[in-house]
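Note sheet for the following structure.
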Amino acid sequence: GLLETAEGQKLEILSPGRWNLEGGPDFQFGKLKFWSDKDKALCEKIIVGDIEAHVLASSWKTHGHNKDKAYDRVILHVFLYRNNPGEPALNSSGLEVPQLELLPLLSLPLPDLRKQIRQYEYPFKNPGSRGKCYEILHSLSSEKLAALLDHFGDIRFIDKSAEFSHLFPNIERDGNSQNAAQAREQLVYKLIMEAMGIRNNRLQFTRLASLFDEVKVRKLLNSQPSSKRLNVLESTLVNLAGFLPNWTTMSELDRDSKLYLARLQRDISARDKNAKNEAAFYKSIAEMEAAGEHLGKEWQFRGMRPANYPVRRIVGMSHLLVNCLPAGIFAAVQKILEENDAFPAPVLAALIKMFKERSPSYWNYRYTFNGKKLPGSVALVGKDKMLVILINVILPLYFAQAWLNWDITLGRKIYLLWCRIPNQAIHNVHRYMQTRLLGNAHEKWKIIHSSRRQQALIHIYQSYCQSAEKSCQDCEFLLRI
């Protein structure tokens, strides 16, 4: 029969949509039919959009969906328990989202339902997760399957390079070589800062990169003694991002946190004393730090692993920027690519070394300020994140430049490196697509042993499986294989 929303609307769920494995609402492309009356002749409308599910009705607001534009396409909020009677679910535009309470609709008690559902299998091992392409791919030899994945991995790489190539022409047309160099440095700095963000924090990292751009970073570093550069840059970026702790009483802090806070404040004071010939510049930093208080309120932490918290990434970025002095990140990468031979291993090792932490940090042992101290050091930017930045920013960006400059030697070196980058830690999209394309054939999964092939899975997922335009039966991927 028909369901009834908390607002009294009759509802029929035509399709729950597809399980979303990335940030945002839980299900995408759901299809609902709303009825104005029990008489089906009075059908109001069919709506396609996202569906969000919670245990508690109040989680819509406590999770911040009412302020998040990513949830403005939600057409139904589903929850198990109503713990906020009468409270509507509003999106960021103030529009009310229909809500559906599940508890009164359950045919069995929750403990019995829980026994019937093998939660660990969803959505990966569920037979319904296999696509129409499964039978075709499953029948391919390992060699043909590997070649197919390499092909789609290369498509994703070329697409990224083509996207970046549009960012270069205006830079290269600038007759002033110094201006062009600065523009290239700002470009790679901003793209890496964006990549440092996870899900909802990409925009905040991009704003920070614009607020304190690469020219200001190098101006600040060059005005400081070499021994103080890292600490001063870390203090400045942490403060600009709105993460500088402001405690009214030091008694609330443990010893290491007191020392760290005192060091931050000392570094900022020492930084400003070096303003002899740069008074206007340092005054502008102070003004930007005041603006950083607003940025500090925008950072998102929900659903994020503590090791990926933004303040840790910002400190890691400080190490990268200091490591690439005096010229900057773009020039440092260019030098690595030009000086190393065509074999990928030494080039990859040199690029990874750029992220090396220069000295132990307070944040190697903490996830939050004054939080529990970790038993061992945790990298500020882990190897998987470094590979993500190489794959999604550095390699396609430099391949785009080689492409525009007809530099075949550089392009070949980058492509060989791209083909040899090892696989990253498996995340939800990889796991889901392995099952969707190859079923539970673990022997076939072993073929996906490179980042190139993992990127193929992401490309197929985003280009075909996520498409709202066509069903699996009509998917163009079937034609391509």
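Treat the numbers as computed from the prediction; the structure is a model and nothing was measured.
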Non-hydrogen side-chain atoms of Leu80 and Leu110 separated by less than 4.5 Å: yes
Met433 backbone acceptor or donor facing Tyr461 side chain under 3.5 Å: no
Heavy-atom side-chain proximity of Ile421 to Leu395 below 4.5 angstrom: yes
Side chain to side chain, Tyr134 and Arg436, heavy atoms closer than 4.5 Å: no
Check: Gln401/Gln334 side-chain N/O donor and acceptor closer than 3.5 Å: yes
Thr62 side, atom OG1; His65 side, atom NE2 - distance, nearest 0.5 Å: 7.5 Å
Aromatic ring pairing Phe79/His77, orientation class (parallel under 30°, perpendicular over 60°, tilted between): tilted
Trp299/Phe205 aromatic ring centres below 6.0 Å: yes
Aromatic plane relationship, Phe157 with Tyr415 - under 30° parallel, 30 to 60° tilted, over 60° perpendicular: tilted
Trp418 and Asp154: side chain donor to acceptor below 3.5 Å: yes
Value rounded to 0.5 Å, distance of OG in Ser93 from NZ in Lys69: 5.5 Å
Sequence neighbours left out, cut at 3.5 Å: what donor-acceptor pairs do the side chains of residues 141-150 make with other protein atoms?
from, atom 1, to, atom 2, distance (Å)
Ser141, OG, Lys144, N, 3.2
Asp150, OD1, Arg453, NE, 2.8
Asp150, OD2, Arg453, NH2, 3.2

Polar side-chain atom of Ser463 near backbone of Ile460 as donor-acceptor pair, under 3.5 Å: no
Side chain to side chain contact (heavy atoms under 4.5 Å, CB included), paired with Phe34, selected from Ile75, Ile46, Thr5, Leu2: Thr5
Ser92 vs Lys67 side-chain heavy atoms within contact, under 4.5 Å: no
Sidechain-backbone polar pair: Glu101 side chain, Ala6 backbone, donor-acceptor under 3.5 Å: no
Ring centers of His151, His459 separated by less than 6.0 Å: no
Donor-acceptor contact present, side-chain Asn323 to main-chain His319, <3.5 Å: yes
Whether Tyr309 and Phe301 hold their rings parallel, tilted or perpendicular, with breakpoints at 30° and 60°: perpendicular
Ring centroid separation Phe330 to Tyr398 under 6.0 Å: yes
Check: Ser450 side chain, Asn423 main-chain N or O, donor-acceptor pair, under 3.5 Å: no
Aromatic ring pairing Tyr362/Phe369, orientation class (parallel under 30°, perpendicular over 60°, tilted between): tilted
Side-chain heavy-atom pair Leu380, Asn364 within 4.5 angstrom cut-off: yes
Any donor-acceptor pair under 3.5 Å from Glu7 side chain to Gln99 backbone: yes
Ser161 to Ala400 - nearest heavy-atom pair and separation: O-CB, 3.3 Å
Candidate list Ile192, Leu208, Val217, test side chain to side chain contact (heavy atoms under 4.5 Å, CB included), partner Met317, passing option: Ile192
Side-chain touch Leu32/Leu14, heavy atoms, less than 4.5 angstrom: no
NZ/NE/NH1/NH2 to OD/OE distance under 4.0 Å, Glu214 and Lys190: no
Distance, nearest 0.5 Å, that separates CZ of Phe212 from CG of Asn239: 11.0 Å
Validation row: Lys31, Glu12 side chains within 4.5 angstrom (heavy atoms): no
More than 12 heavy atoms of other groups within 6.0 Å of Ile408 CD1: no
Salt bridge present between Arg202 and Glu194 (N-O < 4.0 angstrom): no
Asn84 and Ser58: side chain donor to acceptor below 3.5 Å: no
Short N-O contact, Arg156 and Asp159, less than 4.0 angstrom: no
Heavy-atom check, side chain of Arg313 versus side chain of Lys385, under 4.5 Å: yes
Contacts of His449 that satisfy ring-ring contact (aromatic ring centres under 6.0 Å, His included) - sequence neighbours left out: none
Residue pair Tyr367, Arg305: steps toward the side-chain hydrogen bond (donor to acceptor under 3.5 Å, both in side chains) verdict: CA-CA 9 Å; Tyr367 291 143; Arg305 293 179 180 177; over 6 Å; no
